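Hydrogens, waters and symmetry mates are skipped; everything else that's a heavy atom, side chains included, is used. Since this is a predicted model, take the numbers as computed values, not measurements. Every chain is numbered from 1, with letters handed out A, B, ... down the list of sequences.
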Amino acid sequence: MTLTVVNNATCTFCGCVCDDIELHADETRILKAKKACVLGTAWFLNHTVERKYPDALIDGKEATLDEAIEAAATHLHAADMPLVYGMSNTTCEAQRECVALADLLGGLLDSHTSL
Amino acid sequence: MYWGGNPAECHPRHFTKYALMPKSKFLPRGRKDRTAVLVDIRPTKSAKAADIFLQVRPGKDFELITILRALIKDQKVSEEAVAETGITLEQCTDLIERMKKAKFGCVFFGMGLSMTRGKHMNSAALLTLAAEMNAFTKFVAMPMRGHGNVTGADVIMRWQTGYPFGITFNRGYPRYNPGEFSTVDVLVRGDADAAFIIGADPGATMPQPAIDHLARIPTIVLDPHVTHTSNLAKVHITTAPAGIAAPGTAYRMDEIPLPLKPALKSPYPTDEEVVRRIKQAIVKKPFWMPEGAQMTAAQV
């Protein structure tokens, strides 16, 4: 078991995006989040890399990633007015892909801002 | 100024790390060089951190902002109108004086303003007040963003489409119209016939008619957890949590981009990778636009 320390880590729990957190982690979980607030600490400590969930679910049944990607593409392509929504708890890089996806589909694109 | 927000409990480090305490070249004494005002319908924990607490009557934010806008221009306001807001005229004029005397004012507004009666009209009024204050001093307004990278979503959509949210590409180019293309409206009306949900859990947060529609149509969810939305979705794909096990960039609420430093390695793919692969799978299918229109480089 190796322990790693990440200095000046960035917390994405709330919109403050504090970037001075000191994370102490082993291979599966974060053990300590120094300087983080109560909300940030809970955010960091509650995520682990255990395989808690199946790779993918189709109609509630376990499926492989490849099957799920194909199923997602088929449903979105078949739709006349597909909606791409959310994008809050993800990276800008993924958000850029989402914009391209909505553009490709001729669909709707929206985030939490409109709520 | 904080308006309709409770940073003490929702953004615990906002006072200490960003808005009230930090010492700087122009504010060497930190908190002592600043005046903090809280406007809210009840004295929350944040009221203790403020120098002035103004208790506005619920649903009267728009009226109070409009009165302040009149007062900064020395226009007359009726006493009854002021009395209705729950704030006295003396409190209003004192606030205006302090706002005008400030070298640099900032209003942070929360969901207590933007999600209550009046909704986006309240936000619009406050933004106008901040804009008009610039006739006297430097003044800005900023929403207190809840979720991690929701600011990033605004910035990325603005960069790519010219609009921050509520967009449609159904004519092949982006158009913007909140109310028509915003998600809750689209779902409640039953317009959308498929939904792709990423980094959000509308199944836990949206009004019931919107959730019901998500359950009727094929919904695809990308999330590190199996969420409420996953349970009503056609397809769920587990992805690595951003910032914890996935690298990338996130925007702070003041639109400063910051790199994420994941401490863990996830067995799941990142959001970016999965969205790109779904996009690639769609590119192989016939393009939806009729009459031989071509996909653009940005789409591919």
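- Of the N and O atoms on the side chains of B:His14 and B:Tyr2, at least one donor lies less than 3.5 Å from an acceptor on the other residue.
- Between chain B and the options A:Leu76, A:Thr28, A:Ile58, A:Val38, the largest number of non-hydrogen pairs under 4.5 Å is found for A:Leu76.
- Heavy-atom distances place no part of A:Glu67 under 4.5 Å from chain B, backbone and side chain included.
- At a 4.5 Å heavy-atom cutoff, the contact between B:Met206 and chain A is made by side-chain atoms alone.
- Contacts of B:Thr183 with chain A are made by both backbone and side-chain atoms, with heavy-atom separations under 4.5 Å.
- A:Thr4 touches chain B through its side chain: at least one heavy atom from C-beta onward sits under 4.5 Å away, while N, CA, C and O do not.
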**Derivation of the side-chain contact (heavy atoms from CB on, under 4.5 Å) call for B:Thr249 and A:Thr91** = CA-CA 5 Å; B:Thr249 313; A:Thr91 61; 5.8 Å; no

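- Side-chain N/O atoms of A:Gln95 and A:Thr90 include no donor and acceptor closer than 3.5 Å.
- The part of B:Met115 that comes within reach of chain A is its side chain, from C-beta onward, which places non-hydrogen atoms under 4.5 angstrom from that chain.
- Within the 4.5 angstrom heavy-atom criterion, only side-chain atoms of B:Leu187, from C-beta onward, approach chain A.
- In this structure, the portions of B:Val226 lying under 4.5 Å from any heavy atom of chain A include both its backbone and its side chain.
- Interface remark: A:Val99 contributes backbone and side-chain atoms alike to the contact with chain B (heavy atom separation under 4.5 Å).
- Ring-plane geometry between A:His112 and B:His147 is classed as parallel, the angle between the planes falling under 30 degrees on a 0 to 90 degree scale with a further cut at 60.
- If you measure heavy-atom distances from A:Asp26 to chain B, the contacts under 4.5 Å come from the backbone alone.
- When heavy atoms are compared at a cutoff of 4.5 Å, B:Glu273 does not approach chain A at all.
- A cation-pi arrangement is found for A:Arg51 relative to B:Tyr268, the charged atom lying closer than 6.0 Å to the ring centre and inside a 45° cone about the ring normal.
- Side-chain atoms of B:Asp271 and B:Thr239 include a donor-acceptor pair closer than 3.5 Å.
- If you measure heavy-atom distances from B:Pro241 to chain A, the contacts under 4.5 Å come from the side chain alone.
- A donor and an acceptor atom, one from each side chain of B:Asn6 and B:Ser46, are located under 3.5 Å apart.
- For a residue to count as touching a neighbouring chain, one of its non-hydrogen atoms must lie under 4.5 Å from one of that chain's; by this rule B:His120 does not touch chain A.
- Using a 4.5 Å cut-off between heavy atoms, A:Tyr85 touches chain B through backbone and side chain atoms alike.
- Between chain A and the residues B:Tyr163, B:Phe169, B:Phe287, B:Phe165, the largest count of heavy-atom pairs under 4.5 Å involves B:Phe169.
- Both the backbone and the side chain of A:Ile69 come within less than 4.5 Å of a heavy atom in chain B.
- Both the backbone and the side chain of A:Lys35 come within less than 4.5 Å of a heavy atom in chain B.
- Residue A:Ile21 touches chain B through its side chain alone, counting heavy-atom pairs closer than 4.5 Å.
- Below 30°, between 30° and 60°, or above 60°: for A:Trp43 and A:His47 the angle between ring planes is above 60°, a perpendicular geometry.
- For a residue to count as touching a neighbouring chain, one of its non-hydrogen atoms must lie under 4.5 Å from one of that chain's; by this rule B:Asp154 touches chain A with the side chain only.
- Looking at B:Pro259, only its backbone comes within 4.5 Å of chain A, counting heavy atoms on both sides.
- In this structure, no portion of B:Pro143 lies under 4.5 Å from any heavy atom of chain A.
- Taking the side chain as every heavy atom from C-beta outward, B:Lys265 and A:Glu27 never approach each other to under 4.5 Å.
- With a threshold of 4.5 angstrom between heavy atoms, A:Ala73 approaches chain B through its backbone and through its side chain.
- Residue B:Ile167 touches chain A through both its backbone and its side chain, counting heavy-atom pairs closer than 4.5 Å.
- Interface remark: A:Asn7 contributes backbone atoms only to the contact with chain B (heavy atom separation under 4.5 Å).
- Both the backbone and the side chain of B:Phe181 have a heavy atom closer than 4.5 Å to some heavy atom of chain A.
- B:Lys285 touches chain A through backbone and side chain together, each having a heavy atom under 4.5 Å away.
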